Every structure is written in structure tokens, then in C-alpha cells.
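For reference, the structure discussed in these notes is given below.
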Amino acid sequence: MKVGIPKEKYPDEQRVAMTPDVAPKLLALGFSVAVETGAGTAASYSDNAYREAGADIMPSAKELWAQCDIMLKVRAPERDEVELLKSGQTLIGFFWPAQNPKMLKTLADRGVTVLAMDSIPRLSRAQKMDALSSMANVGGYRAVIEAAEHFGRFFTGQVTAAGRVEPAKVLVIGAGVAGLSAIGTAGGMGAIVRGFDTRPEVKEQIESLNAQFLALDVADEDGSGEDGYAKVMSEAYINAEMALFAEQAKEVDIIITTALVHGKPAPKLITADMIGSMKPGSVVVDLAAEQGGNCELTVPGELVIHGGVTIIGYTDLPSRMASQSSQLYATNLMHLLAELTPEKDGQIVLNMDDDVIRGATICTGGKITWPPPAPKLTQAPKKKISVSAPAVKIEKKKKISLFGPVIAVMAATLILLGLGTVAPPNFMAHLKIFVLASFVAYMVVWNVSPTLHTSLMSMNNAISSVIVVGALLQVSAASEVVKWVAVIAIFFTSINILGGFAVTHRMLKMFRKSST
């Protein structure tokens, strides 16, 4: 089969669905590759680069669509491209079927098989095909860059001869891939970053990026949906989060919104009143603009200024980094085609029993197959609980333990009685201190939680230091035995101390921010 890559016709779209670096991997799957002339120019990929990668260059879109069996696109086809589609052809790209039912029906009526990259299910094995995450990663990074351009002040705090400059305060709503990318980028630029998400499990991810997680004091309610996306929350929860956003809008300088509910318009989280309460010069970047926007005043695809607040509703943020975005998207497409070509012979097999392929397929054979059924989640095998076997083992251990301690106590008593009859009085006093110290050391080492190992290491170093001091006092003793025991003690405890400091240093280094 021949794979075609047309030039995107959507206004200002600079991405391309295949790059010269990824094209050879399609050839290795048994496909032939054809590219419309100039398709990659906006993303800095020349026709010569595609030729060198083994692709054919087609002089016109009409010829390309006529000769290719599989068409790879970024955006959904424009009207004139739909007219070029033929029955039995496979089309892969972003389609957003929930928001474009008319287009979906048109494609189904033409007998085209359509796989939507935005409908790839959130499964572990489908991560390599998750183009939404790839583009969201780029979009989150670019959102901070756009905000910095229009903010007009430093992100990081500075102390200058002219006075102190306070760091910018950034609020990121939604901690998915785009949100985490924005949090990491803003934090790297020196801003004070706060993050919010309805899913409590992302708290650690936000805090791992040195950002503050904003939590709501609401009864237990989890925003994690069964499909891996956030779900619609209750009215009480929504009222609480809106009150939180209203409070934060008065404090922060930049708000970046990324909140989306899969298959539905973007929820409105930032009202006109909140915009009115923000400081002049503040910036709002709405990453959900293409799906209607999280801000009431967002105009999709445009930048507007309301009361001194800049509201950025660009829908082409990944396209503004076309070269990087195209490379990531082309890799996602390659992995999907590899999944569709199990024999690596250039012939795709639409296995509708495969959760990934079924989820991505929105129409085939003249029928609409969207929405797909919920993916089958792999369930952990049930643990087999045996009651009788452990009971028998426990009984045996109890019978044995009746004699062991008794024998040990009797033996220790006899040894101590024997030593007491021949040893000097100060020996028994030292022995008592030694036994108590050994007991305390045993309890300290074995009963400390793993989360406190760093504290244990510090205490271990302190104890070792005491031992070294004691050994140093005895190293000049008259007895040769005592002298050499002291030397050996100094040697081994010195190793223990140095090793403890080395391990502690390595552990602390993991939490230090690199200066490079």
C-alpha cells in the first residue's frame, strides 16, 4: 500500500504528518511513501530531504489523493479534500468526532475508513501512539513562552540596584500532559507556580515540579474518569473550585487553563468577573480554546485584551513549533501503522477486536463506529487465600519457640554466673552497658521505617563517631590486645562514617536543582 502525506490546507497550519526521519520506518513496514511537493516546507523539511529518505514527491494534491491508499493528515480534510476521497481509502488524523458529527457522516457516506488520533484510548500500550499527549506537551511549553512574551516582566525574582523585582505568580488549571509541561516550564523560568486538578493523584506530580498544589476542602470526590481523562464533577465541587479560581485570579499574574472533558466542550472556569479582578498586565492562556475555551472571553484563534488583561486563545500552539511537533506526531503515526501492519508487509489489517484500533476507528465500511465501547481493562488475578496451610505453619512455629527462648536464657544465665565468679566488679558494669547498648542499637536499626533511612544514617554516623572517640582513648593502652582492638575499631568505624556521609550526599543530591 502507498501512504500519502498531503500539504495541510487549514489556515496557518505549519505541521506535516510525516518527517524525513520517520519516513524510512514506514518503508521498513512494507509501505511506499508519497509526499505532496512543499508539504513539509513550513516545518523546515524540504522536498529533497524526503527524496533522500526514500519518498516520492507528487506535484499536485489531486494526483497524490488519487494514487495513495492511506492518507496521513494533521487536521481534518477541507471540503475540496473530501471530494478527492475514494471508497476504501484509509484516512488518519485529528477529527474530534464528538464536535464534528456532520463531517463524520460525510466521511462514512463516502465509504472511507477513518482513524482519529484524538480517539486513541488511554491504555498503557497505546502511549506510543498518543498524539494528544505529544501535542499537549508542546502546547504546554509554548503556552508559557507566549505568556512570557505578553507579560512584559520578569518571571524570576531579582534583586537589582534599582530595587527588588518580585517573581511572577502563575496558576495552571489542569495537570495533564499540557499542564505539567507548563508547570515545569514556568518553574524553570523562576516563577512561583500553583497547580490545580480535580484528580487527587496528580498532587505528587505537581509538587515534584516544585509547584504548590491547590486542594479543595470538599467531601471525597475524584475527578479521574474511567477512560483516563478527567470527568464532570458535581455541582458542589464546581462551586467550590469556581470560588477558588476567583480568589486566585486576584493574586496571580498569569493563568494557563488546560481543562478538557473528553468528548465534550471545554468547561467554563474563568468568568468575565474573574478577568475583571485580575491586575492590569496579567495574561490568560487558554489551551482549551479549540474546544470552546475555559475562559468566557476567549476568542478561539485570536488574542484579545479585556480591561488590561491579555487573553490568548491561539489554537495553533503546537504548529508554532512545527518542526518539533511534526517529528513527534509522525512518530505517533508510525507506531499506529505498525500496529495496523502485524505482518510488516505493507498491508493494513483493521482488527476491531483490538481495543486501540477499535477505539481509534470512527467509521469504516460506510458505517459510523464512534463512540467505541469502553476498553477492556486488564484485571489483576484474584489472590488465592489459604487458611489451613498458614495455620499449620504458625502452630509449628509456636511449639518450637517454647523451647528456644528458655534454652537461650538458661545458657546466658549460666555464662553470666560463671563470669561473675571470676571477673572483676567493673567488668560486670561494662557488660551491662554493652548489652543495653546492643539492644538499643538493634531496636533502632530494625524498627526504623524506610522513609526515615536518611535520619537513621545521620544517627548511625553520630554513634560511630562516639565509638571512634572511645577507641582513640584506648589506642594508647598498656595492653596489646586492647590497643589492637581499638585500632580495628577505628578502622571499621571510619569506613562506616565515610560511607554514611557519601550515601547521605548522594541522597541529598537527588533533591537539588541542577544549575546547568
Side-chain angles (χ1 to χ4, degrees), residues 98-99 122 136 139-140 143 147 168-180 182-183 186 191-207 209 211-280 282-300 304 306-313:
Q99 286 78 33
R122 288 287 174 93
K169 295 183 177 68
V170 179
L171 170 63
V172 179
I173 300 176
V177 177
L180 292 175
I183 289 172
I192 297 174
V193 187
R194 303 166 184 173
F196 173 83
D197 199 285
T198 59
R199 298 164 293 181
E201 65 268 19
V202 303
K203 178 178 184 290
E204 292 183 359
Q205 299 176 31
I206 292 174
E207 292 177 344
L209 295 171
Q212 178 189 358
F213 177 73
L214 300 178
L216 287 178
D217 187 14
V218 181
D220 293 342
E221 187 169 353
D222 191 343
S224 303
E226 295 180 356
D227 56 0
Y229 296 88
K231 68 179 183 181
V232 178
M233 307 301 288
S234 67
E235 183 177 354
Y237 190 98
I238 293 173
N239 291 337
E241 70 175 359
M242 294 298 282
L244 174 66
F245 299 154
E247 179 184 350
Q248 290 294 314
K250 300 174 184 177
E251 298 181 16
V252 300
D253 303 297
I254 296 169
I255 298 178
I256 298 175
T257 65
T258 71
L260 286 171
V261 178
H262 192 54
K264 296 184 179 181
K268 300 298 182 185
L269 304 177
I270 306 299
T271 64
D273 290 339
M274 295 180 194
I275 296 294
S277 69
M278 295 183 74
K279 293 172 285 188
S282 300
V283 180
V284 175
V285 184
D286 195 340
L287 287 178
E290 191 166 2
Q291 305 306 317
N294 295 136
C295 177
E296 285 184 350
L297 301 178
T298 296
V299 178
V304 297
H306 180 84
V309 178
T310 302
I311 304 168
I312 301 174

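All of these numbers come straight from a predicted model, not from anything done at the bench.
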Next on the checklist: Ser282: which residues meet the side-chain contact (heavy atoms from CB on, under 4.5 Å) condition with it, sequence neighbours left out?
Outcome noted: Met278, Lys279, Val309

Next on the checklist: Show the nearest heavy-atom pair for residues Gly195 and Ile206, with the distance to one decimal.
Outcome noted: C-CD1, 4.0 Å

Item to check | Interatomic distance, Met274 atom CE to Glu247 atom CD [nearest 0.5 angstrom] | outcome: 11.0 Å

Checklist outcome for this item: When every non-hydrogen atom of Ala266 is compared with those of Leu260, the smallest separation belongs to CB-CD2, 3.8 Å

Checklist outcome for this item: One should read off an interatomic distance between Lys268 NZ and Thr298 OG1, to the nearest 0.5 angstrom, of 6.5 Å

Checklist entry - Got a second to check how far Ile270's CD1 is from Asp273's CG, nearest 0.5 Å? => result 11.5 Å

Checklist entry - Taking the inter-plane angle between the rings of Phe196 and Tyr237 on a 0 to 90° scale, is it parallel (under 30°), tilted (30 to 60°) or perpendicular (over 60°)? => result tilted

Next on the checklist: Let's go through Ile254 and Lys169 carefully: what are the C-alpha distance in whole Å and the side-chain angles of both, what is the deciding distance for side chain to side chain contact (heavy atoms under 4.5 Å, CB included) to 0.1 Å, and is it a yes or a no?
Outcome noted: CA-CA 6 Å; Ile254 296 169; Lys169 295 183 177 68; over 6 Å; no

Item to check | Partner set under salt bridge (charged side-chain N to carboxylate O under 4.0 Å, His left out) for Glu296, not counting sequence neighbours | outcome: none

Checklist entry - So how far is it from Glu207 CD to Ile183 CD1, rounded to the nearest 0.5 Å? => result 10.5 Å

Next on the checklist: Minimum heavy-atom separation for Ala249 and Ser277, please, with both atom names.
Outcome noted: CB-OG, 3.9 Å

Next on the checklist: Nearest 0.5 Å, please: how far is CD1 in Ile255 from CD in Gln248?
Outcome noted: 8.5 Å

Next on the checklist: Could you measure the distance from the CD1 atom of Ile173 to the OG1 atom of Thr257? Nearest 0.5 Å is fine.
Outcome noted: 6.5 Å

Checklist entry - Listed by chain and number, what are the side-chain contact (heavy atoms from CB on, under 4.5 Å) partners of Thr310, not counting sequence neighbours? => result His150, Val283, Leu303, Ile305, Ile312

